[in-house]
Amino acid sequence: MSEEAVGFDAAIVRAGGRTILGPVDLRVAAGDRWVFLGPNGGGKTTLLTLAGAWRQPSAGTVRVLGRTLGRVDVRELRRWIGHVSHAVADRLRPAATVLDVVLTGKAAVLETWWQDLGPSDRRRALDLLDEMGCRELADRPLGSCSLGERQRVLIARARFGQRPLLLFDEPAAGLDLPSRERLLAAMAAVPAGTTTLLATHHLEEIPPDVTHAGLLRRGLVIASGPADEVLADGPLSDLFELEVAVERRGDRWTARAR
């Protein structure tokens, strides 16, 4: 059996006197590439905040990289998890150069002066920017970059620390078609063996290397398993409460209402 990267056992999150997630029972094996789909308010972001050790479960158990939330220093645990989301971008200083933003990924901090950096670190950061197709942005302020450029820079930042777990929370939201395709190519460049969890609304935003899928509605996982089985007419029609036709061409999915 593969080593577990993230595990949920009857995990529940409550807020404002109501249950917003769960109970969830789910196992993500090391090296899996998961996508979580669902309508707004379905629980996708809440599930990722548990997997990222940014939130504790109200009940049940959550294990991340072999540690159980509530029994571990989450500040240390978060150093092993990379995050790509608009919330992360909003916490970074807009005037910081793109190169410095990537360098903050070494210890998952917000400013470079909080960590020791050397020439090899800068070379690695530039190499990662090159892999993401945005090395020419290295000296530009983050705030001057387009939305798509910022998302690719955040992937480089998340990969800098060679983390075993990467979380992508709706990274393609608001992107035009060319920017979305460049983003998906950057996500596909994540090294094999890295566990990834992606939350999105749209099948067109699923990268080609996805292995598993989970469908969330009203805080519950209504289907989960191998991507080919879950990303199909029946499960997605149940999810959206609408007759949906799913088509797969090569390694990409699309969906439309019947």
Side-chain angles (χ1 to χ4, degrees), residues 28 32-49 51-52 54 81-92 94 98 101-102 105 128-135 137 142-160 163 165-191 194-217 227 230-231 235-236 239-240 242 244 246-257:
V28 175
D32 282 355
R33 304 290 176 103
W34 278 77
V35 59
F36 294 96
L37 289 111
N40 285 328
K44 303 183 300 297
T45 294
T46 302
L47 186 140
L48 260 61
T49 59
W54 288 103
I81 306 168
H83 300 261
V84 178
S85 73
H86 296 291
V88 172
D90 290 345
R91 290 198 295 268
L92 292 163
V98 162
V101 167
V102 176
L128 285 169
L129 284 171
D130 195 33
E131 286 186 40
M132 296 299 101
C134 46
R135 182 170 181 146
L137 304 177
L142 180 67
S144 72
C145 297
S146 70
L147 186 58
E149 289 169 341
R150 274 180 281 172
Q151 293 298 80
R152 285 185 285 145
V153 169
L154 289 182
I155 294 177
R157 177 182 183 270
R159 288 184 54 194
F160 187 87
R163 293 173 174 82
L165 176 61
L166 300 182
L167 308 178
F168 301 93
D169 190 3
E170 299 187 29
L175 300 186
D176 59 22
L177 179 61
S179 296
R180 184 191 74 189
E181 293 304 303
R182 285 190 287 268
L183 175 70
L184 293 181
M187 293 171 65
V190 170
T194 306
T195 306
T196 63
L197 277 63
L198 163 69
T200 182
H201 293 289
H202 306 293
L203 270 72
E204 293 80 4
E205 296 174 358
I206 298 175
D209 59 353
V210 66
T211 61
H212 293 75
L215 308 182
L216 286 95
R217 187 180 67 216
V230 176
L231 302 179
L236 286 168
L239 173 67
F240 293 111
L242 174 75
V244 173
V246 178
E247 183 177 357
R248 184 174 185 182
R249 293 185 178 181
D251 52 14
R252 297 289 295 277
W253 279 269
T254 60
R256 59 177 176 81

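The first residue in the sequence is number 1, and the count goes up from there.
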Distance (rounded to the nearest 0.5 Å) between [X] [atom1] and [Y] [atom2]:
X: D169; Y: T45; atom1: CG; atom2: OG1; result: 3.5 Å
X: L165; Y: L197; atom1: CG; atom2: CG; result: 6.0 Å
X: L175; Y: R152; atom1: CG; atom2: CZ; result: 9.5 Å
X: L239; Y: L231; atom1: CG; atom2: CG; result: 10.0 Å
X: T211; Y: R33; atom1: OG1; atom2: CZ; result: 8.0 Å
X: F36; Y: T200; atom1: CZ; atom2: OG1; result: 12.5 Å

Might you point out which heavy atoms bring [X] and [Y] nearest each other, and give the distance in Å?
X: G38; Y: F240; value: C-CE2, 4.3 Å
X: T194; Y: P191; value: OG1-O, 3.1 Å
X: A156; Y: L128; value: O-CD1, 3.6 Å
X: S179; Y: G148; value: CB-CA, 4.3 Å
X: L154; Y: S85; value: CD1-O, 3.5 Å

### Task
Scan V244, T254, L236, V35 and name whichever one has a side-chain contact (heavy atoms from CB on, under 4.5 Å) with L203.
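Exactly one option meets the side-chain contact (heavy atoms from CB on, under 4.5 Å) with L203, and it is L236.
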### Task
Could you check C134, C145, S144, P171 and say which one makes a side-chain contact (heavy atoms from CB on, under 4.5 Å) with R150?
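Of the listed options, the one satisfying the test is C145.
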Would you say that [X] contacts [Y] through its side chain, given a criterion of any heavy-atom pair below 4.5 Å between the two side chains?
X: M132; Y: R182; result: no
X: L137; Y: L129; result: no
X: T196; Y: D209; result: no
X: M187; Y: L183; result: yes
X: E149; Y: V98; result: no

Answer yes or no: is there a donor N or O on one side and an acceptor on the other, between the side chain of [X] and the main chain of [Y], under 3.5 Å?
X: R157; Y: R159; value: no
X: K44; Y: P39; value: yes
X: R163; Y: G105; value: yes

### Lys/Arg-Asp/Glu bridge criterion (N-O < 4.0 Å) met for R180, E204
no
### Query
Using a distance-only test with no angle check, is there a side-chain donor-acceptor pair under 3.5 angstrom linking H201 and N40?
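Indeed, the side chains of H201 and N40 share at least one donor-acceptor pair under 3.5 Å.
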### Task
Look at the rings of H212 and W34 and say which category their plane angle falls in: under 30° parallel, 30 to 60° tilted, over 60° perpendicular.
parallel
